[in-house]
Amino acid sequence: MPERRPIQKILVANRGEIAVRILRTCREMGIRTVAVFSDADRGALHVRLADEAVHVGAGPARESYLLPERILAAADRTGADAIHPGYGFLSERADFNRACRAAGLTYIGPLPESQEAMGVKTSARRRMQGAGVPVVPGSDGPIADEAAAVAEAERIGFPVMLKAAAGGGGKGMKRCDRAADFPKLWQAARRESASAFGDDRIYLEKFLDGPRHVEVQVFADEHGNVVHMGERECSVQRRHQKIVEESPSPVVDEPLRAAMGKVAVEAARAVGYVGAGTVELLVDASRNFFFLEMNTRLQVEHPVTEMVTGIDLVRLQIEVARGGRVPAQDEIVRRGHAVEVRLYAEDPARGFLPSPGKITYLRIPGGPGLRDDSGIYAGWVVPSHYDPMLCRLVAWAPTRPQAIDRMLRALAEVHVHGIATNVHYLRAVLDHPAFRSGAYDTGFCTAFAKELLKPPDPALEPIALIAAAVAAHRRDHERAGEFATRAHAPGSTWASAGRTRAMRGEA
Amino acid sequence: MPERRPIQKILVANRGEIAVRILRTCREMGIRTVAVFSDADRGALHVRLADEAVHVGAGPARESYLLPERILAAADRTGADAIHPGYGFLSERADFNRACRAAGLTYIGPLPESQEAMGVKTSARRRMQGAGVPVVPGSDGPIADEAAAVAEAERIGFPVMLKAAAGGGGKGMKRCDRAADFPKLWQAARRESASAFGDDRIYLEKFLDGPRHVEVQVFADEHGNVVHMGERECSVQRRHQKIVEESPSPVVDEPLRAAMGKVAVEAARAVGYVGAGTVELLVDASRNFFFLEMNTRLQVEHPVTEMVTGIDLVRLQIEVARGGRVPAQDEIVRRGHAVEVRLYAEDPARGFLPSPGKITYLRIPGGPGLRDDSGIYAGWVVPSHYDPMLCRLVAWAPTRPQAIDRMLRALAEVHVHGIATNVHYLRAVLDHPAFRSGAYDTGFCTAFAKELLKPPDPALEPIALIAAAVAAHRRDHERAGEFATRAHAPGSTWASAGRTRAMRGEA
Amino acid sequence: MSAGTYVALLDGGKREESLRVERIAPGLYEVTLRGVTHRVDAFRQDHGTVSLLVGTESYSVQLDERGNGVRVHLRDSVFPVEILDERRARMRRPPGKLTAEGRVALTARVPGRVVGILRPPGEAVREDEGVLVIESMGMENEVKSPKDGKVAEIGVEVGQSVECGALLAIVD
Amino acid sequence: MSAGTYVALLDGGKREESLRVERIAPGLYEVTLRGVTHRVDAFRQDHGTVSLLVGTESYSVQLDERGNGVRVHLRDSVFPVEILDERRARMRRPPGKLTAEGRVALTARVPGRVVGILRPPGEAVREDEGVLVIESMGMENEVKSPKDGKVAEIGVEVGQSVECGALLAIVD
């Protein structure tokens with residue numbers, strides 16, 4: 001592979017688990033790394049895993065991670081020769097991409113022109129229509145003002161989706177069922193979009209009832225080669241936020257995969273794409289598919305594809321950015337099944353309220369077929385400024401049922417103390433008959449909302465009461481001072497009292 | 001697959017990481033589990049991950065895990081219908097196997113007759129010789145007394161290896177270079193063997209200089225099908241204890257793999273083998289191989305094979321024990337390269353002294369291609385009674401150099417506080433030119449002993465001094481009470497002092 | 001070696017259960033609940049986690065203490081429990097019904113930033129209608145009125161950062 | 001805001017370095033070593049781990065305090081350092097040479113079980129020859145004599161369990 005652009009030091013213009021993910025591959029490739037951090041992230045894992053780190057501003061993203069000039073200054077100060085944008089933040093901002101190139105840096109991603117073509121989601125839709133690919137009905141472009149937007153919504157017909165033109169990842173995305181709700185949702189979508197992407201343009205799309213959300217990973221190099229790496233099923237969504245992803249999709253067979261792959265490769269070719277990209281499709285009950293949008297960056301759920309194909313997508317991004325080639329389509333071999341869950345700092349029992357704060361104890365399980373991508377550690381204070389994702393867990397197994405059972409096993413071993421998480425909710429999703437059957441769509445979380453928030457199991461109540469009473473008794477006992485005289489383990493209030501139990505932390 | 005023996009509750013007759021490993025697969029298969037524990041293991045992870053747990057005796061293994069009657073009583077009390085022996089402890093004891101079957105339990109492993117045929121290592125050697133497979137010269141059987149042993153050693157010619165007839169895993173294994181050292185090593189080998197296996201019989205083998213230790217994973221079912229799953233290279237050993245394993249072996253190509261596989265399958269057939277087994281071979285510099293022994297159980301390093309083939313060996317063990325079939329040889333497809341390291345509680349800087357004690361902080365890294373099999377957690381007190389292995393980490397990647405770099409990356413992220421570990425030593429092994437080149441043999445750790453124990457890097461000394469001085473200053477500062485008045489984070493002695501740094505745990 | 005009787009309040013005090021705990025040896029207890037005596041081996045493992053063996057059954061329990069109560073995490077269930085000793089249980093008043101009457105304070109249930117005020121002071125609001133919007137972790141959350149009434153006061157401005165528990169508004 | 005001068009002892013006191021630490025703001029320091037002043041941003045993350053930024057360079061440092069000394073773990077290196085403040089540094093006596101002379105106590109460096117006595121009391125022993133064997137974690141470890149001499153006393157029996165630091169034998 002001819003390496004025309006030697007990349008020796010990469011600045012990762014991101015934070016949290018995706019920054020950690022990218023830093024790890026850089027380290028494996030022997031490439032030096034620069035992290036950036038806000039006030040809220042001085043203690044973050046990505047700062048400690050990088051070779052260098054530069055402070056770029058205050059906690060709110062718009063005062064730090066969303067400021068291109070701060071990122072470029074950090075690259076200049078540290079002598080980085082390339083930028084990896086990760087996802088979110090500046091990752092789909094063509095102006096940032098262009099500024100990086102103008103500063104002589106290698107931008108690890110597509111050309112800004114490709115980003116613009118796809119980033120303005122509506123022009124992408126037009127191109128696809130031109131290529132004969134069906135698209136979901138919607139507005140021709142971002143809509144300037146609220147009045148025009150309402151009119152367009154009426155034309156398309158309610159329900160409609162409000163979507164961030166610069167967006168992705170559910171941020172700035174709202175479903176509107178009737179004209180009366182429109183003004184409020186319009187404002188909220190604009191605010192969220194501005195906050196997440198630094199761009200408040202919104203467009204409209206017809207809301208399709210109960211479709212599946214399936215996406216195809218594509219990869220292109222600058223030598224004109226474009227390949228696809230199969231699909232990811234992403235229909236388990238709550239508030240338009242993906243929660244569980246898997247590959248292969250339970251509805252995609254080999255002919256459909258080939259057809260989707262062909263469309264995805266055409267989409268990438270149509271915009272002169274280079275690097276990793278994702279073509280999102282909606283699939284209806286008759287397995288017809290519609291082009292939704294193309295994300296011109298890495299996706300959160302990329303490890304699902306990595307587990308199935310064995311390809312490190314971040315490594316391939318870097319190799320392609322150096323001028324390397326993608327593997328041939330027939331060298332990309334899929335094996336088995338992968339399921340990913342997103343562990344969020346949120347409390348399902350309190351309406352999924354975000355739950356930032358200090359993680360006082362943490363144990364992420366391991367074992368066969370399990371991958372942990374997290375950006376956290378015991379002692380870390382999860383900031384309130386950013387996405388609530390704590391950890392991405394992926395389970396691989398030869399078959400779908402085994403992969404699901406493996407993930408259920410792993411989630412039962414997760415310990416996060418100090419903040420609330422959605423771990424029980426994730427287990428309920430994976431164990432739900434509709435999920436297990438594979439016959440689910442994007443309406444899954446809404447349709448089964450009640451079943452997914454299980455009440456406590458009454459069979460376990462006696463055990464819970466016994467645990468609480470024993471703990472209370474132990475406390476009374478300690479207060480009574482009986483332990484005080486013979487405690488010999490310094491710092492432990494659960495001291496032991498005999499030789500054979502010397503290593504017990506008895507309760 | 002016809003299931004002739006329904007297995008519904010498995011007692012895992014083991015502890016630590018292998019018990020955890022087995023429990024995880026049982027949970028994934030929906031099989032109930034029973035753990036056993038000694039006084040020293042009440043707080044162990046395997047106790048908390050099992051559905052049920054039974055105390056089986058005092059800390060020393062010979063007073064608990066090595067007592068068949070205690071294990072059988074625990075199975076009886078809990079109604080377990082099958083026993084998984086793991087490795088070590090009772091896993092190669094035909095009498096225990098027989099007692100399980102007599103008690104109506106399914107023993108997850110071969111027939112006792114196969115264990116006896118292979119367990120008495122010398123009869124296995126004779127069978128192999130009969131089948132035309134070369135074996136390493138040595139004694140015909142276990143040797144009764146020291147005088148006879150010395151005579152036999154003289155006949156074979158020094159240096160010789162003393163080996164536990166019941167053994168494996170380096171326990172009870174000693175190299176003896178001259179007759180004068182023999183009595184001491186003989187006694188030591190017998191004691192270690194008795195302690196590890198409850199059997200002190202020792203046999204002798206010619207010590208081959210600088211061979212490679214390569215083993216082949218075999219799997220057989222009771223329908224007469226025997227397959228192999230390729231090899232594992234296990235030549236990185238210290239004191240006959242494996243430290244780093246990989247698959248494929250750098251010296252094994254497809255023809256050699258096929259030849260080794262054929263011999264391994266024949267060995268299994270010769271003793272009517274059923275289940276998972278490992279045929280250990282010595283490979284000389286000309287790539288001739290000699291039969292060494294067959295281990296009639298799972299190996300510590302089985303995940304290396306799991307990562308490369310995608311097969312869960314514990315699941316297959318259980319399926320075979322139920323009466324199921326092994327996959328066809330051509331269904332076993334290998335992909336990429338896997339490297340395993342064993343993280344031990346030992347202090348290389350103090351002559352590799354064992355380092356039991358309390359783990360005060362723990363972070364095992366994740367990320368792409370990494371698997372963590374550990375039996376520990378933050379707060380666990382590592383007992384002094386058992387094997388010092390804390391954790392098995394396996395890195396998978398498409399190529400050998402990438403797998404090595406991945407493991408080096410992962411090891412740099414390992415945090416174990418409170419006890420010493422061999423993590424730096426492992427990094428030195430993986431990064432050594434002889435290891436990277438693939439041209440290493442069982443003499444590796446001895447030949448490079450000095451290089452593998454690196455002195456501190458002088459370039460980092462200023463940073464270490466700065467860290468220590470800043471910590472000292474912070475302590476003085478705290479003592480001076482300056483923080484006392486404005487600390488607002490309860491419980492933190494690293495309180496913050498301003499709004500923008502409110503979430504910093506500044507030093 | 002020692003013993004005590006406890007009352008466990010469940011469902012916010014609507015139900016109660018009595019438990020007798022007898023300590024047999026360090027870490028070993030006999031606990032009587034609903035007429036059945038259980039032999040319990042309790043081992044505290046790490047931050048708030050206790051390994052319980054009840055007979056041979058193994059449970060990993062997380063005890064999250066909050067004020068007088070404790071949230072017991074056990075497999076996929078969470079049980080909020082309040083444990084009283086006998087004396088305190090006898091002194092306890094019967095629990096009153098909690099209703100949203102009179103002036104009600106709306107507080108931030110999450111740290112974040114105020115991004116919208118939906119009902120300015122003086123405006124009428126119905127139960128479950130939003131009064132303000134707080135952004136936290138990139139998502140917007142409406143702060144809703146627990147009753148029909150009128151917004152008496154708004155204590156924050158748009159753009160302001162708020163900590164968890166901060167007073168946001170009062171509904172009359 | 002505050003400042004101090006420290007002496008760091010290295011190699012068991014054979015070398016020393018002087019450092020001046022000035023605290024500029026919470027978590028921010030200027031540290032002068034060997035004539036160079038470094039801008040240091042220090043953040044304590046979790047049990048004994050500190051994230052240091054020296055300029056833009058990032059280091060994750062583990063400080064393991066033991067008595068007067070601290071073991072600084074940094075990447076693949078471990079630096080045993082003793083830090084003294086100026087006053088204590090001035091009062092310090094020059095370090096004496098440590099040698100194995102006179103009666104020497106052999107202690108267990110690891111908890112385990114005595115499985116063999118290689119030199120009974122009265123027997124001569126040479127430097128680096130084994131006196132006893134301790135089994136820990138399934139492996140045998142010889143306890144060796146640090147000098148030529150004679151075994152004066154054995155304080156344990158075969159089969160006995162010993163804790164770390166236990167007196168095993170005395171060599172004269």
Side-chain angles (χ1 to χ4, degrees), chain B residues 60-61 171 184 187-188 191-192 195-196 239 241 345-346 349-351 353-357 360-361 363 378 383-388 412 415 417 424 427-428 454-457 460-474 476-477 480 482 494 496-498 501 504-507, chain D residues 1-4 6 8 10 17 19 21 23 25-29 31 33-34 36 38 40-52 54 57 59 61-65 70 72 74-79 81 83 85 109-113 115-116 118 133 135-141 164:
Chain B
K171 298 277 162 44
K184 189 168 119 183
Q187 291 304 329
R191 275 195 310 267
E192 273 189 32
S195 163
R239 288 173 82 177
Q241 189 95 34
E346 62 184 19
R350 301 170 72 209
L353 259 196
S355 174
T360 54
Y361 185 80
R363 190 168 199 281
S384 64
H385 301 287
Y386 316 111
D387 190 275
H415 279 269
H417 297 189
H424 299 320
R427 276 182 49 86
K454 292 183 182 166
D457 180 356
L460 291 174
E461 192 181 270
I463 305 300
L465 295 178
I466 287 169
V470 164
H473 185 64
R474 179 194 59 76
D476 293 351
H477 202 253
E482 181 178 328
W494 301 72
S496 63
R501 292 172 79 96
R504 301 189 49 153
E506 39 148 321
Chain D
M1 290 165 79
S2 71
Y6 298 88
L10 290 152
E17 297 273 5
L19 295 103
V21 178
R23 186 168 171 279
L28 288 179
Y29 302 86
V31 182
L33 170 66
R34 298 173 192 169
V36 181
H38 304 269
V40 178
D41 179 341
F43 185 97
R44 177 171 161 128
Q45 287 179 297
D46 40 43
H47 192 91
T49 301
V50 175
S51 164
L52 275 194
V54 181
E57 298 286 324
Y59 301 94
V61 182
Q62 182 197 336
L63 296 165
D64 184 5
E65 303 199 15
V70 58
V72 185
L74 179 51
R75 298 190 184 159
D76 290 335
S77 298
V78 181
F79 298 91
V81 183
I83 297 282
D85 60 27
R109 296 201 295 166
V110 63
R113 203 170 59 97
V115 293
L118 306 173
V133 183
E135 187 199 271
S136 181
M137 297 181 131
M139 299 301 278
E140 297 199 346
N141 301 279
C164 195

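Within the 4.5 Å cutoff, side-chain heavy atoms of D:Val72 are placed close to those of D:Leu63. Residues D:Tyr59 and B:Leu460 form a side-chain contact, since some pair of their non-hydrogen atoms from C-beta on lies under 4.5 Å apart.
Between the side chain of D:Ser136 and the backbone N or O of D:Pro111 there is at least one donor-acceptor pair closer than 3.5 Å.
Heavy-atom pairs under 4.5 Å with chain B were tallied for D:His38, D:Glu135, D:Met137; the largest tally goes to D:Met137. Note: B:Ala464 leads B:Ala464, B:Ser195, B:Ala428, B:Ala349 in heavy-atom pairs under 4.5 Å with chain D. When each of D:Val70, D:Val78, D:Leu118 is scored by its heavy-atom pairs under 4.5 Å with chain B, the top score falls to D:Val78. Ranked by non-hydrogen atom pairs under 4.5 Å with chain B, the options D:Leu52, D:Val31, D:Asp76, D:Leu19 are led by D:Asp76.
Salt bridge D:Arg34/B:Glu461: present, at least one basic N to carboxylate O contact under 4.0 Å.
For a residue to count as touching a neighbouring chain, one of its non-hydrogen atoms must lie under 4.5 Å from one of that chain's; by this rule B:Arg363 does not touch chain D. Using a 4.5 Å cut-off between heavy atoms, B:Ala345 contacts chain D through both its backbone and its side chain. Interface remark: B:Ala196 contributes no atoms to any contact with chain D (heavy atom separation under 4.5 Å). With a 4.5 Å cut-off on non-hydrogen atoms, B:Ala412 does not touch chain D at all.
The aromatic rings of B:His417 and B:Tyr361 sit tilted, their planes meeting at an angle between 30° and 60°.
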Trace of the side-chain contact (heavy atoms from CB on, under 4.5 Å) decision for B:Leu465 with D:Tyr6:
CA-CA 10 Å; B:Leu465 295 178; D:Tyr6 298 88; over 6 Å; no
